[in-house]
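Okay, structure first, notes after.
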Amino acid sequence: MIKKLTTDELPELLAELKHWQLSPDNDSILRSFKFADFNEAFGFMTRVAIKAQEMDHHPEWSNVYNKVEITLSTHTAKGLTERDITLARFIDSIT
């Protein structure tokens, strides 16, 4: 089973994820993106999808034209895990 991060672990891990917001219930992190157009947004989503598939860890997201909203949480752990932090780091590295 995947271990949920504790409240004590969150501040240090989230400190490096400056553009992500912690949800009010501390069970997910959220980030919004705005791109030049739909093509750029879709290309970004494709890169994230490939990494997510490799990790077998899939984000909740939505896309409207040039905007992408992403929520990361590990449903089996009922909260944030290291997998969410790893995927967020990857996402930050390609933006």
Side-chain angles (χ1 to χ4, degrees):
M1 184 171 167
I2 299 168
K3 180 182 156 275
K4 180 178 174 178
L5 296 172
T6 67
T7 306
D8 293 338
E9 293 172 304
L10 289 175
E12 182 179 341
L13 291 170
L14 295 175
E16 69 184 89
L17 303 174
K18 297 180 185 345
H19 302 289
W20 293 83
Q21 293 182 304
L22 186 62
S23 65
D25 61 7
N26 293 344
D27 283 343
S28 62
I29 53 176
L30 316 119
R31 184 166 175 197
S32 299
F33 300 86
K34 188 173 181 182
F35 298 95
D37 54 28
F38 177 76
N39 190 50
E40 191 176 316
F42 195 82
F44 164 77
M45 291 178 71
T46 300
R47 290 188 299 279
V48 174
I50 291 167
K51 180 66 171 179
Q53 187 64 26
E54 288 172 3
M55 292 178 65
D56 191 28
H57 187 61
H58 306 94
E60 292 179 26
W61 58 10
S62 65
N63 165 242
V64 177
Y65 183 60
N66 66 337
K67 295 177 185 149
V68 177
E69 304 279 336
I70 298 179
T71 300
L72 298 176
S73 183
T74 303
H75 298 289
T76 56
K78 296 186 174 131
L80 285 166
T81 67
E82 185 60 42
R83 294 176 88 185
D84 301 300
I85 304 304
T86 299
L87 188 52
R89 286 180 185 134
F90 171 79
I91 291 168
D92 285 351
S93 78
I94 65 169
T95 55

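Positions are given from 1 along the sequence. Everything numeric here is computed off the predicted structure, so don't read it as measured data.
The same ILVMFWY cluster, assembled from side-chain heavy atoms under 4.5 Å apart, contains both Leu17 and Leu87. Phe38 and Trp61 are not part of a single hydrophobic cluster, where members link through side-chain heavy atoms under 4.5 Å apart.
To the nearest 0.5 Å, atom OG1 of residue Thr71 and atom CG of residue Leu30 are 4.0 Å apart. Here the OG1-NE2 distance, from Thr81 to His75, works out to 10.5 Å after rounding to the nearest 0.5 Å. Taking CG from Leu14 and NZ from Lys18, the interatomic distance works out to 11.0 Å, rounded to the nearest 0.5 Å.
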Considering only distance and modelled atom types, tabulate donor-acceptor pairs under 3.5 Å from the side chains of residues 88-95, sequence neighbours left out.
from: Arg89; atom 1: NE; to: Glu16; atom 2: OE2; distance (Å): 2.8
from: Arg89; atom 1: NH1; to: Glu82; atom 2: OE2; distance (Å): 3.2
from: Arg89; atom 1: NH2; to: Glu16; atom 2: OE1; distance (Å): 3.2
from: Asp92; atom 1: OD1; to: Trp20; atom 2: NE1; distance (Å): 2.9
from: Asp92; atom 1: OD1; to: Arg31; atom 2: NH1; distance (Å): 2.5
from: Asp92; atom 1: OD2; to: Trp20; atom 2: NE1; distance (Å): 3.3
from: Ser93; atom 1: OG; to: Phe90; atom 2: O; distance (Å): 2.6
from: Thr95; atom 1: OG1; to: Asp92; atom 2: O; distance (Å): 3.1

Distance-only check: which donor-acceptor pairs under 3.5 Å involve side-chain atoms of residues 41-52, not counting sequence neighbours?
from: Thr46; atom 1: OG1; to: Phe42; atom 2: O; distance (Å): 2.9
from: Arg47; atom 1: NH1; to: Gly43; atom 2: O; distance (Å): 3.3

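Every residue two or more places apart in sequence or in another chain was checked for a side-chain hydrogen bond (donor to acceptor under 3.5 Å, both in side chains) with Asn66, and none qualifies. Qualifying side-chain contact (heavy atoms from CB on, under 4.5 Å) partners for Ser32, counting only residues two or more places apart in sequence or in other chains: Glu69. For Glu40, there are no side-chain hydrogen bond (donor to acceptor under 3.5 Å, both in side chains) partners two or more places apart in sequence or in a different chain. By the side-chain contact (heavy atoms from CB on, under 4.5 Å) test, Thr76 is found to be paired with Ile2, Thr74, residues two or more places apart in sequence or in another chain being considered.
Listed for the Ser73 side chain is no donor-acceptor partner under 3.5 Å among the backbone atoms of Ser28. Between the side chain of Lys4 and the main chain of Lys78, a donor-acceptor pair closer than 3.5 Å is present.
The two residues Pro59 and Ile70 have their closest heavy-atom pair at CB-CG2, 4.0 Å. Of all heavy-atom pairs spanning Asn26 and Leu22, the tightest one is OD1-CD2, 3.0 Å. Here the closest heavy-atom approach between residue Ile29 and residue Asp84 is recorded as CD1-O, 4.3 Å.
Between Thr86 and Met55 there is a side-chain heavy-atom pair separated by less than 4.5 Å.
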Using side chain to side chain contact (heavy atoms under 4.5 Å, CB included), reason through Asp56 and Arg83 one step at a time and then give a plain yes or no. CA-CA 10 Å; Asp56 191 28; Arg83 294 176 88 185; 4.0 Å; yes
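Inspection of the Thr6 and Asp8 side chains reveals no N or O donor paired with an N or O acceptor under 3.5 Å.
Glu12 CD: 12 or fewer foreign heavy atoms inside a 6.0 Å radius. By the 6.0 Å contact criterion, NZ on Lys67 is open, its count of non-hydrogen atoms from other residues, nucleotides or ligands being 12 or less.
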